[in-house]
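Before any comments, here is the structure.
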Amino acid sequence: MKLTVNLPHNPYDILIERGSLAQTGSWVKGLWKPQKIAIITDDHVGALYAETVQASLEQAGFETIVFEFPEGEASKNLDTVNQAYEFLVKNSMTRSDGIIALGGGVVGDLAGFVASTYMRGIHFLQIPTSLTAQVDSSIGGKTGVNTPFAKNMVGTFCQPDGVLIDPDTLNTLGKRELIEGMGEVVKYGLIDDVELWETLDQLDGSVESILEHADYIIYHSCEVKRKVVVEDELDNGVRLYLNFGHTIGHAIEATAGYGQVMHGEAVAIGMVQISRVAEKQGLMPAGITEKIIAMCEKFGLPTAHQPWNVDELYAALTRDKKARGKTIKLVIVPQLGQAAIHQIAMEEMLEFLQA
């Protein structure tokens, strides 16, 4: 299956194909001239897949090097970025060379940031191996690293030259890691794709059901992301719809300590919290919060978080990228399959945290 992200300055394809990881070399050969390629990965994914990808690339005529860093959100920072720069310099990487991100969202965000800033930008490809990365973070060109102040506070827009998705890589994910990706999938159904929501409603929520329907789940999720990115590449309009649940979710991730609450888990909690208050205010339809809770719980996603420190969460929210001056753009779902922006004064967010 193939989707085209038809951006005017940098169109690229998303390929979704089981077993495609072993064919990485032929895929890259169709996109890049012979060059040196740095595979950026973490120590978990690297142990599983780096050798396969490296062998395929070298068979296709590319010179390869591998940079690994410790797995987890806590590694997504400027210290790791500097280590990557040093690695690239020591291996004589030039502006004619490229970087491939091999891993989950943390790897993709960090590798993309490195690719977009090293020598003012070198070639970049995404090979996402987690469900969260396959359905969301590998598409659209957002890169970023965390600071002590906020998640993804430092970043760039850097569209890849292509995205290769092999659903078979999901078979090596841990249960929690697979399930957290469903937070983003549920979001896509809520904001845009009623057919996806109805399909999720029919699944029994087991790991087996997710893996069995992975191709469908990934394709439909990618199609929503593709459509929104093409319409609003730089995140000033409808692309904000993709942030449903993220405003509070990012605050939870930052205050809990990066990696303690996984991204998709935080998104699920954020969707429930926003919906509960928005429903009370008449901004979202009656009963939708219970539907969201039921869907999340069926797949094993959390719908609440403890400890819930309103002051800490609010402080984190004030540093959110969706804040504009003294206001913040909150995403709501006025009806199933449709999103909208609800701009409010920042202090009104306290009500959305206290309910």
Side-chain angles (χ1 to χ4, degrees), residues 4-14 24 27-42 46 50 53-54 57 60-69 73 75-128 133 136-164 225-226 229-230 232-236 239 319 321:
T4 300
V5 184
N6 198 22
L7 294 168
H9 303 298
N10 188 46
Y12 59 92
D13 291 334
I14 305 164
T24 299
W27 172 64
V28 177
K29 197 171 184 178
L31 297 170
W32 288 352
K33 296 177 181 178
Q35 60 191 267
K36 184 182 293 183
I37 296 175
I39 300 168
I40 295 184
T41 188
D42 63 39
V53 172
Q54 195 171 17
L57 287 168
F62 295 98
E63 181 184 351
T64 64
I65 53 176
V66 179
F67 174 76
E68 286 187 358
F69 62 88
E73 191 78 31
S75 291
K76 200 174 80 170
N77 54 47
L78 290 170
D79 288 338
T80 309
V81 168
N82 279 322
Q83 292 168 24
Y85 290 151
E86 182 179 357
F87 176 83
L88 298 180
V89 170
K90 287 182 176 179
N91 283 277
S92 304
M93 290 284 286
T94 72
R95 291 191 71 184
S96 298
D97 298 321
I99 286 174
I100 292 179
L102 175 66
V106 168
V107 170
D109 282 359
L110 186 138
F113 182 76
V114 171
S116 69
T117 53
Y118 181 74
M119 296 188 171
R120 296 196 179 95
I122 62 176
H123 306 142
F124 178 53
L125 292 167
Q126 286 267 20
I127 304 180
D136 185 63
S137 59
S138 66
I139 304 156
K142 282 187 180 181
T143 78
V145 293
N146 304 327
T147 72
F149 310 105
K151 181 180 170 73
N152 293 334
M153 178 170 269
V154 178
T156 65
F157 283 93
C158 175
Q159 298 293 346
D161 293 328
V163 181
L164 181 68
K225 183 74 178 273
R226 181 208 66 79
V229 166
V230 169
D232 177 24
E233 180 181 0
L234 299 181
D235 205 16
N236 293 311
R239 187 167 176 174
R319 298 185 285 268
K321 297 183 297 302

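Just so we're clear, the structure is a prediction, and the values are computed from it rather than from any experiment.
- Listed by chain and residue number, Pro128, Ser130, Ser137 satisfy the side chain to side chain contact (heavy atoms under 4.5 Å, CB included) test with Ala133 (two or more places apart in sequence, or in another chain).
- The nearest pair of heavy atoms linking Cys158 to Thr143 is CB-CG2, 3.8 Å.
- Summarising the geometry, atom CD1 belonging to Ile40 is positioned 6.0 Å from atom CG belonging to Leu88; distances are rounded to the nearest 0.5 Å.
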For residues 104-116, which side-chain donor-acceptor pairs fall under 3.5 Å, sequence neighbours excluded?
| from | atom 1 | to | atom 2 | distance (Å) |
| --- | --- | --- | --- | --- |
| Asp109 | OD2 | Lys76 | NZ | 2.8 |
| Ser116 | OG | Gly112 | O | 3.2 |
| Ser116 | OG | Phe113 | O | 3.0 |
| Ser116 | OG | Thr156 | OG1 | 2.7 |

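- Around the NZ atom of Lys29, the shell of radius 6.0 Å holds no more than 12 heavy atoms that belong to other residues, nucleotides or ligands.
- The distance from the CG atom of Asp136 to the NZ atom of Lys225 is 4.0 Å, given to the nearest 0.5 Å.
- Looking at every heavy atom in both residues, Ile99 comes nearest to Trp32 through O-CH2, 3.6 Å.
- Legend: residues meeting side chain to side chain contact (heavy atoms under 4.5 Å, CB included) with Glu86, ordered by chain and number and at least two apart, are Lys90.
- Nearest heavy-atom pair across Gln35 and Asp97 is OE1-C, 3.1 Å.
- To the nearest 0.5 angstrom, His123 atom NE2 is 6.5 Å from Asp161 atom CG.
- Side-chain contact between Met93 and Ile65 is present, with at least one heavy-atom pair separated by less than 4.5 Å.
- Nearest heavy atom pair, residue Arg239 against residue Asp232, reads N-OD2, 2.9 Å.
- Between Lys36 and Ser92, some side-chain heavy-atom pair lies under the 4.5 Å cut-off.
- Remark: Ile100 CD1 to Ile37 CD1 distance equals 4.5 Å, nearest 0.5 Å.
- With Tyr12 as the fixed residue, the side-chain contact (heavy atoms from CB on, under 4.5 Å) test singles out one of Leu7, Asn6, Thr4: Leu7.
- Contact between Thr24 and Leu57 at its shortest, heavy atoms only, is CG2-CD2, 4.0 Å.
- For the atom pair NZ (Lys142) and CZ (Phe157), the distance works out to 5.5 Å, reported to the nearest 0.5 Å.
- The aromatic rings of Phe67 and Phe87 sit tilted, their planes meeting at an angle between 30° and 60°.
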Can Leu164 and Leu125 be said to form a side-chain contact (heavy atoms from CB on, under 4.5 Å), step by step? CA-CA 8 Å; Leu164 181 68; Leu125 292 167; over 6 Å; no
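- Here the closest heavy-atom approach between residue Gln126 and residue Pro160 is recorded as CG-CB, 4.1 Å.
- Note that OG of Ser75 is 8.5 Å distant from CD of Gln83, once rounded to the nearest 0.5 Å.
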